[in-house]
Amino acid sequence: VAHSTREGNRLYVQGKYEEAASKYGDGLVDAPGSPLLQFNLGTALYKQGKYEEAIAPLSKVAASTDPAWTARASYNLGNALCRLASSAEETDPQGAIGHYEQALAAYKRAMGAATQDPDPKYNHELVSRKLEELKKRLEEEKKKQEEEQQEREKQEQQDQAQQDQQEQQEQQEQQQQ
């Protein structure tokens with residue numbers, strides 16, 4: 001386990017995150033409950049942009065009873081969730097809202113476990129603003145769609161009334177002939 005950790009850390013420092021994650025994973029085979037290896041694996045996956053994959057190991061460590069692990073893992077978990085949310089805003093806005101809300105919860109855990117660390121508080125405030133902006137945008141889009149739908153229905157009614165009037169005129173003209 002110590003060898004996997006050392007080797008993984010060496011690779012991580014060199015920016016070889018994929019290889020580092022592999023070493024941490026090897027170590028987890030022998031020590032599946034190791035918060036150090038879980039944390040390092042989650043962080044190496046995060047550095048690779050594999051945010052979805054980083055969530056599981058970071059969540060395990062965030063649930064720890066050790067405040068130091070809880071703080072660090074919750075903070076990184078919040079960051080991973082925030083990245084997922086940000087990338088899903090356009091394609092899956094409801095999913096993004098869920099991820100932002102989970103990120104807020106993770107930052108709150110980090111703030112509770114490390115009260116002196118300003119970073120979780122800053123990120124919590126940032127994500128709160130992003131979440132409110134997204135909800136506001138979705139509400140505005142919904143309102144706009146409803147207005148457009150009402151406008152289409154109104155236009156259809158006018159078109160139908162005009163068509164009915166035209167048909168009446170044609171019938172009257174036929175009767176006069």
Side-chain angles (χ1 to χ4, degrees), residues 1-2 4-141:
V1 174
S4 294
T5 304
R6 272 195 311 277
E7 187 63 19
N9 289 348
R10 185 183 65 74
L11 292 164
Y12 184 93
V13 168
Q14 294 174 357
K16 299 177 179 177
Y17 304 119
E18 189 170 341
E19 294 171 43
S22 177
K23 288 295 178 188
Y24 298 138
D26 291 347
L28 283 167
V29 170
D30 296 324
S34 168
L36 174 64
L37 288 169
Q38 291 283 358
F39 178 81
N40 288 355
L41 173 61
T43 303
L45 291 167
Y46 175 88
K47 286 288 197 173
Q48 294 175 66
K50 296 179 178 179
Y51 308 119
E52 191 79 49
E53 292 176 46
I55 289 172
L58 290 172
S59 294
K60 288 178 186 172
V61 182
S64 168
T65 55
D66 181 339
W69 282 120
T70 299
R72 293 173 65 198
S74 294
Y75 179 75
N76 285 6
L77 176 61
N79 289 345
L81 288 162
C82 184
R83 293 289 184 118
L84 281 176
S86 185
S87 66
E89 276 190 28
E90 296 303 318
T91 56
D92 180 15
Q94 292 304 322
I97 287 172
H99 288 313
Y100 279 138
E101 289 171 344
Q102 291 172 337
L104 289 174
Y107 290 135
K108 265 196 169 155
R109 274 196 310 276
M111 288 165 30
T115 56
Q116 302 302 313
D117 188 349
D119 291 338
K121 185 175 191 277
Y122 174 82
N123 283 12
H124 187 277
E125 291 169 3
L126 180 73
V127 170
S128 291
R129 284 193 302 272
K130 286 183 140 216
L131 180 59
E132 288 310 310
E133 288 170 7
L134 177 57
K135 285 180 176 180
K136 183 180 177 185
R137 190 187 90 213
L138 290 177
E139 189 60 39
E140 288 170 355
E141 287 175 3

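- Atom CD of E18 has 12 or fewer heavy atoms from other residues, nucleotides or ligands within 6.0 Å.
- How far CZ of R109 is from CG of L77: 6.0 Å, rounded to the nearest 0.5 Å.
- Between L36 and W69, the closest heavy-atom pair is CA-CH2, 3.5 Å.
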**Prompt:** Would K121 and E125 count as a salt bridge (charged side-chain N to carboxylate O under 4.0 Å, His left out) if you check the C-alpha gap in whole Å, the side-chain angles of each, and the deciding distance to 0.1 Å?
**Reply:** CA-CA 6 Å; K121 185 175 191 277; E125 291 169 3; 3.0 Å; yes

Review item, side-chain donor-acceptor pairs of residues 19-32, under 3.5 Å, at least two apart:
{"from": "Y24", "atom 1": "OH", "to": "G8", "atom 2": "O", "distance (Å)": "3.2"}
{"from": "Y24", "atom 1": "OH", "to": "N9", "atom 2": "N", "distance (Å)": "3.1"}
{"from": "Y24", "atom 1": "OH", "to": "N9", "atom 2": "OD1", "distance (Å)": "2.6"}

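- Every residue two or more places apart in sequence or in another chain that forms a side chain to side chain contact (heavy atoms under 4.5 Å, CB included) with A113 is listed here: P67, T70, A71.
- Note that CD1 of I55 is 13.0 Å distant from CZ of R83, once rounded to the nearest 0.5 Å.
- Annotation: side chain of L138 is in contact with side chain of Q94 (closest heavy-atom distance under 4.5 Å).
- Between Y51 atom OH and N76 atom CG the span is 12.0 Å, to the nearest 0.5 Å.
- Remark: R10 CZ to T5 OG1 distance equals 13.5 Å, nearest 0.5 Å.
- Inspection of the Y107 and N79 side chains reveals an N or O donor paired with an N or O acceptor under 3.5 Å.
- Closest non-hydrogen pair, A73 versus A62, comes out as CB-N, 3.5 Å.
- In this structure, E52 CD and L81 CG are separated by 8.5 Å, a value rounded to the nearest 0.5 Å.
- When every heavy atom of D117 is checked against every heavy atom of D119, the shortest pair comes out as OD1-N, 3.0 Å.
- Taking every heavy atom of both residues into account, P93 and L134 meet most closely at O-CD2, 3.9 Å.
- For the pair E133 and R137, the salt-bridge criterion is not met [side-chain N within less than 4.0 Å of a carboxylate O].
- In terms of the salt bridge (charged side-chain N to carboxylate O under 4.0 Å, His left out) criterion, E53 has no residue partners (sequence neighbours excluded).
- With rounding to the nearest 0.5 Å, the separation of OG1 in T91 from CD in E89 is 9.5 Å.
- Taking every heavy atom of both residues into account, G42 and A54 meet most closely at O-CB, 3.3 Å.
- Formation of a donor-acceptor pair under 3.5 Å by the S86 side chain with backbone atoms of C82 is not found in this model.
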